[in-house]
Amino acid sequence: YVFDKDFGGEVGVCLPSAAFANTTRMDIVETHFNNVTMENEMKPESLLGKKPNIGEDGYPILDFTVADEMLRNIKAYNDTCHKEEKKIRVRGHVLVWHSQTPEWFFHEDYDESKKYVDSDTMLARMENYIKQVLNHYHGEDSEFEGMIYAWDVVNEAINDTDGKLRADSSWFRVFYDDEFIIQAFVFANKYAPQNVKLFYNDYNAYLPEKRDSICEVVKSINSYAKDEHKQHVHATQCGDNDYDIGDDPYCIHYGDTPTDGIAHESTAERIEQQGYYGSRKHQTYVIPEFGAHGASLGLRGCYCCIRNE
């Protein structure tokens, strides 16, 4: 690919479902990319639907039809691809987000004309949703096992302006603190295979207040993990200041997100070879301190990889 040298052999692109019917577009994807994020098809709105479909257990029944078809198309390409490095991997996007999640999901009887549920009820709904999604794509009987290498667990929960949690979020209106972020990672860690990376994803992380707040969120997750699960966690911030938030193995990755068209994640060896990479468009700085994970800091923002390995 054209990006092989600059991006450590891995570069991603965002795809809508309609792209698979466009031969020219898919030729470009298959030639130059080996990492795909679905534009909307894995977001809660797509899986939950505009109207609730509630099962006998009292939880929503998810509809994976469109996302599954996209993955089958990718799998068909991978099955005929003779070069392992050109096979396409998928980044799941997204499990918990204030946007593109149906409002009914947060209300009593799944009826948005009624009041918000309490936090315990919402946590049960969150766990069930995350469990359904991760079991569907990573379960022993899943036809897609091994295709999805990472998930954006929580997306864009921090304000640009003041670094506080978004108040225009129904997640916030139920919890009024960062508990929903912490528990989302607890549930994702519970149900995802250990080789699947779990991320907090955000943009504009170059803004000091927002950047520092993201680190505080990671600290909260770290603290919970250590206190409740006796796990050791790690996060390092690169920017105006450096932060050391604990011990391995949790860390923060920075880079241009696949949903913006281009992304990369480099191995430690590749990072050492690259040293520094910069372009007028992306200005990506590569950081060598993350061991096998690798890390990069770009204009888009950050990925916080939160995982007990």
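Listed here is the closest heavy atom pair of L198 and A192: CD2-CB, 4.1 Å. The nearest pair of heavy atoms linking G92 to I148 is N-CG2, 3.8 Å. In this structure, N128 and D57 approach most closely via the heavy-atom pair ND2-OD2, 4.1 Å. Closest approach of I214 and A205 over heavy atoms only: CD1-CB, 4.3 Å. When all heavy atoms of S142 and H136 are compared, the pair lying nearest together is OG-O, 2.7 Å. Taking each heavy atom of S17 and V66 in turn, the nearest pair found is CB-CG1, 4.0 Å.
Linking ILVMFWY side-chain heavy atoms closer than 4.5 Å, directly or via other members, places M70 and I28 in a single hydrophobic cluster. Under the 4.5 Å side-chain heavy-atom criterion for Ile, Leu, Val, Met, Phe, Trp and Tyr, V94 and V186 are members of distinct hydrophobic clusters.
Looking only at distances, a side-chain donor or acceptor of N34 sits under 3.5 Å from a matching main-chain atom of E85. Although no hydrogens or angles enter the test, the distance criterion places a donor-acceptor pair under 3.5 Å between the side chain of Q132 and the main chain of P60. Side chain of D118 to backbone of T121: a donor-acceptor contact under 3.5 angstrom is found. For the pair S169 (side chain) and H98 (backbone), a donor-acceptor distance under 3.5 Å is absent. No donor-acceptor pair under 3.5 Å is formed between the side chain of D111 and the backbone N or O of H107. Judged purely by atom type and a 3.5 angstrom limit, Q100 has no side-chain atom pairing as donor or acceptor with the backbone of N40. Remark: side-chain polar atoms of K190 are not paired, donor with acceptor, to backbone N or O of K131 under 3.5 angstrom. Side-chain atoms of R91 never come within 3.5 Å of backbone atoms of N35 as a donor-acceptor pair (strictly under, hydrogens ignored). Of the possible donor and acceptor atoms, none in the side chain of S46 sits under 3.5 Å from a partner among the backbone N and O of M42.
In D168, the CG atom is crowded: over 12 heavy atoms of neighbouring residues, nucleotides or ligands sit closer than 6.0 Å.
A cation-pi arrangement is present between R89 and Y149 under the rule of less than 6.0 angstrom and at most 45 degrees off the ring axis. Cation-pi contact between R125 and Y110: present, with separation from the ring centre below 6.0 Å and deviation from the ring axis of at most 45°.
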*Between W104 and K50, is a side-chain contact (heavy atoms from CB on, under 4.5 Å) present by the stated rule, with each step listed?*
CA-CA 9 Å; W104 56 258; K50 294 183 179 180; 5.6 Å; no

*Does the side-chain contact (heavy atoms from CB on, under 4.5 Å) test come out yes or no for I74 and F144, once each step is laid out?*
CA-CA 10 Å; I74 294 171; F144 309 112; over 6 Å; no

*Any chance you could lay out the side-chain contact (heavy atoms from CB on, under 4.5 Å) test for L165 and I158, step after step, and finish with the verdict?*
CA-CA 5 Å; L165 292 173; I158 307 296; 3.8 Å; yes

*Between I88 and V29, does a side-chain contact (heavy atoms from CB on, under 4.5 Å) hold up when you go through it step by step?*
CA-CA 9 Å; I88 294 174; V29 172; 4.3 Å; yes

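Summarising the geometry, atom CD belonging to E39 is positioned 4.5 Å from atom SG belonging to C14; distances are rounded to the nearest 0.5 Å. The distance from atom CD1 of I130 to atom OH of Y191, rounded to the nearest 0.5 Å, is 9.0 Å. Atom OH of residue Y129 and atom CG of residue L48 lie 5.0 Å apart, to the nearest 0.5 angstrom. Within the model, atoms CG of N201 and OG1 of T37 stand 9.0 Å from one another, a figure rounded to the nearest 0.5 Å. Between N204 atom CG and R211 atom CZ the span is 13.0 Å, to the nearest 0.5 Å. Atom NZ in K86 sits 5.5 Å away from atom OH in Y77 (nearest 0.5 Å).
Looking only at atom types and distance, the side chain of S170 has a donor-acceptor partner in the side chain of E103 under 3.5 Å away. A side-chain donor from one of D63 and T65 sits under 3.5 Å from a side-chain acceptor of the other.
Between M126 and F187, the closest side-chain pair of non-hydrogen atoms falls below 4.5 Å. Looking at heavy atoms from C-beta onward, F175 lies out of side-chain contact with I181 at the 4.5 angstrom threshold.
For Y137 and F64, the ring centers sit closer than 6.0 Å to each other.
Residues satisfying the salt bridge (Lys or Arg N to Asp or Glu O under 4.0 Å) test with K43, not counting sequence neighbours, are none.
Remark: K75 does not engage E143 in a salt bridge, criterion side-chain N to carboxylate O under 4.0 Å.
Looking at W97, F105, Y176 one by one, the single match for side chain to side chain contact (heavy atoms under 4.5 Å, CB included) with W171 turns out to be F105.
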